[in-house]
S.K.: 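Take this structure, written in structure tokens, and hold onto it; I'll ask about it next.
None of the values given here were measured: they were computed from a predicted structure.
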Amino acid sequence: MRNDLPDLTALDARDRMVRGEFTALDYCEALLKRIAEREPEVGAFAHFDADFARTQAKACDAHRATGRATGPLHGLPVGVKDIVDTRDFPTENGTPIDAGRRPVEDAVVVQRLKAAGAVIMGKTVTTELGARTPRGTRNPRHREHTPGGSSSGSAAAVGAGMVPLGIGTQTNGSVIRPASFCGIVGFKPSFGLIPRTGVLPQAPPLDTLGVFARSAADAGLLVDALAGHEPRDRDTRPAPPPRLLQTALTDPPVTPALAFVKTFAWEHAEAETREGFAELVAALGETCHEVALPDTFLEGDRALVTITNVGLGRNYKPWYDRGKDQLSDFMRTMIEEGETIPAVDYLEALDWQTALRVGINQLFERYDAIITPAAPGEAPQGLDSTGNSAFNNLWSLLGVPALTLPLLEGPKGLPVGVQVVGRHGDDARLLRTARWLQSTLADNG
């Protein structure tokens, strides 16, 4: 068995399968071997069935042998966060209250994964109800450090080479931060691009499906298969296919203009992160300018916290009523506090969300993308916390696309992500710019 297969990008693996260099079953077996080696230490999967993975891979090979058309993800294994409904696996939402819960219908994104030919490798660990309390997953780069959260398992599984692609969600920082900590690419698309039907709702004005991959192109490949209108998700809209991969693989027609935005979270940045960004900005030269956000954006954190807490109070009350003694102290407190927030405060927070979305568009009139830290620094030591989302909150509130690239390093040699942020709806340009940025910095050494 070839040992290099688990380390291929998804695009490379797909194309090699098309050329007949190996089969979907060969690829699946190589990943199963990697899972056997790494999973006992990392703990990325909540539910995993090797035989079911093999059955799916064999079906992919049988389909290819017929000569019929194949989907864009044909034979590619994917890990799916355990707040996303799957009829083939339990979906337990990271809480013992839902132990053994078996959905009768796949979430829309899982339906689209299957239609595109993906192999559903298993359900990946989430924090409690997709919020903050960890469930034991370890960072694949260092077992004593957090992988981040709440999409802990998906990030760790991709980071450990157990799957090439993963599905996560982000309400505050649950895709970008764990991707940064695990040294991979995390992509939170524009709000409303991927339907959330069949996904545990936390705070619907913020909730966004996201993906984990090894490259910006891989992220585009996966989101292309998931994006599109779904009538049951009112935040999706009928629109032409985004063609993210096609654009990501092209060169920008002109050199992108980048804005380095510290945000009001800069005080949280660790010394090595500050030094890394100083070097990064210097290396980019006239391509990048430091830009300060207007003070009105200080309202962003307050608005996001209000929207999130109201969402927790409303959407998680059924779990509180069914088994509050099985919830963490944090979750019980957040649900109780969320129920007490006045409607006028919530509506004001939504007004700020709308106003700041308009405000950020003025910056994108001049710049193609923003660069800013994906996290304060490398993954913190210990498994009791998933880290600080300070550098993710504003972009989640605004619903703009954001992607993190593993370009920097912390004092212990663990990765630190550079977050690249684009205009809402400009996901394809963002992926192209991110790919250009990574290539440019590699060329500069």
Side-chain angles (χ1 to χ4, degrees), residues 176 179-180 183 185-190 215-217 219-220 244 246-298 300 356-377 390-392 394-395 398 400-410 415-445:
I176 298 299
S180 176
V185 171
F187 179 38
K188 180 194 78 70
S190 291
S215 70
L244 302 182
Q246 179 180 323
T247 303
L249 293 177
T250 64
D251 293 325
V254 296
T255 301
L258 302 177
F260 168 41
V261 176
K262 292 180 176 178
T263 78
F264 300 104
W266 191 247
E267 63 178 338
H268 297 287
E270 297 173 6
E272 291 79 9
T273 302
R274 296 183 184 212
E275 293 168 7
F277 268 85
E279 295 174 5
L280 174 65
V281 172
L284 291 170
E286 289 303 310
T287 301
C288 183
H289 303 116
E290 184 174 341
V291 177
L293 294 177
D295 287 347
T296 51
F297 281 87
L298 281 165
L356 295 179
R357 282 174 174 170
V358 173
I360 202 66
N361 282 338
Q362 297 177 18
L363 188 147
F364 289 118
E365 294 297 328
R366 180 176 178 185
Y367 295 99
D368 294 280
I370 291 167
I371 59 170
T372 193
F391 285 103
N392 315 128
L394 178 61
W395 318 118
L398 301 180
V400 292
L403 178 141
T404 182
L405 299 171
L407 298 178
L408 303 179
E409 198 173 87
V416 177
V418 173
Q419 186 172 197
V420 191
V421 180
R423 185 200 295 263
H424 184 272
D426 246 352
D427 298 66
R429 177 189 286 188
L430 175 66
L431 290 176
R432 182 175 66 189
T433 300
R435 186 169 167 268
W436 169 87
L437 175 64
Q438 191 163 26
S439 175
T440 297
L441 292 173
D443 291 343
N444 290 343

S.K.: Compare all side-chain heavy atoms of Thr255 with those of Trp436 and state whether any distance is below 4.5 angstrom.
M.R.: yes
S.K.: Report yes if the distance between the aromatic ring centroids of Phe297 and Trp395 is under 6.0 Å, otherwise no.
M.R.: no
S.K.: Considering non-hydrogen atoms only, spot the tightest contact between Ala217 and Leu249 and give its length.
M.R.: CB-CD2, 3.8 Å
S.K.: To check you understand the geometry: which heavy-atom pair defines the closest contact between Leu405 and Ala434, and what is its length?
M.R.: CD1-O, 3.4 Å
S.K.: Would you check if the side chain of Thr273 reaches a backbone N or O of Pro376 as a donor-acceptor pair within less than 3.5 Å?
M.R.: yes
S.K.: Taking atom CG of Leu437 and atom CG of Leu407, what is their separation to the nearest 0.5 Å?
M.R.: 6.0 Å
S.K.: Which distance, rounded to the nearest 0.5 Å, do you find between the OG1 of Thr296 and the CG of Leu293?
M.R.: 8.0 Å
S.K.: Measure from the side-chain N and O atoms of Arg435 to the backbone N and O of Ala216, and report whether any donor-acceptor pair falls under 3.5 Å.
M.R.: no
S.K.: Is Thr247 reaching over with its side chain to a backbone N or O of Ala428, donor-acceptor style, under 3.5 angstrom?
M.R.: no
S.K.: Which heavy atom in Ser190 sits nearest to a heavy atom in Gly425, and how many Å separate them?
M.R.: OG-N, 2.8 Å
S.K.: About how many Å separate CG of Leu408 and CD of Glu275, when rounded to the nearest 0.5 Å?
M.R.: 11.0 Å
S.K.: Decide if atom CD of Glu290 counts as having more than 12 heavy atoms of other residues, nucleotides or ligands within a radius under 6.0 Å.
M.R.: yes
S.K.: Would you say Thr404 and Val185 make side-chain contact, with heavy atoms under 4.5 Å?
M.R.: no
S.K.: Can any side-chain N or O of Gln419 pair as donor or acceptor with the backbone N or O of Pro373 at less than 3.5 Å?
M.R.: yes
S.K.: How close do Pro189 and Asp427 get, counting heavy atoms only, and between which atoms?
M.R.: CA-OD2, 3.3 Å
S.K.: Working to the nearest 0.5 angstrom, can you tell me the gap between Phe391 CZ and Lys262 NZ?
M.R.: 10.0 Å
S.K.: Could you give the distance from OG (Ser215) to CZ (Phe187), rounded to the nearest 0.5 Å?
M.R.: 12.0 Å
S.K.: Without swapping roles, check the side chain of Thr287 against the backbone of Leu284 for a donor-acceptor pair under 3.5 Å.
M.R.: yes
S.K.: Where the side chain of Ser180 meets the backbone of Ile176, is there a donor-acceptor pair that is under 3.5 Å apart?
M.R.: no
S.K.: Over all heavy atoms of both residues, which pair between Glu270 and Gly377 is shortest? Give the atoms and the distance, please.
M.R.: OE1-CA, 3.6 Å
S.K.: Of all heavy-atom pairs between Leu394 and Gly300, which one has the smallest distance, and what is that distance?
M.R.: CD1-CA, 4.5 Å
S.K.: So, Asp368 versus Thr433: side-chain donor-acceptor pair below 3.5 Å or not?
M.R.: no
S.K.: State plainly whether the residues Glu365 and Arg423 are in salt-bridge range, i.e. N to O under 4.0 Å.
M.R.: yes
S.K.: Answer yes or no: is there a side-chain heavy-atom contact under 4.5 Å between Tyr367 and Phe260?
M.R.: no
S.K.: Okay, side chain of Thr372, backbone of Val261: is any donor-acceptor separation there less than 3.5 Å?
M.R.: yes
S.K.: Nearest 0.5 angstrom please: Ile370 CD1 to Leu363 CG, how far?
M.R.: 4.5 Å
S.K.: Without swapping roles, check the side chain of Asn392 against the backbone of Ala374 for a donor-acceptor pair under 3.5 Å.
M.R.: yes
S.K.: Using modelled atom types only, decide if a donor and an acceptor are shared between the side chain of Arg274 and the backbone of Ala269 within a distance under 3.5 Å.
M.R.: yes
S.K.: Might you work through the side chain to side chain contact (heavy atoms under 4.5 Å, CB included) test for Leu403 and Leu431, ending with a clear yes or no?
M.R.: CA-CA 8 Å; Leu403 178 141; Leu431 290 176; 3.2 Å; yes
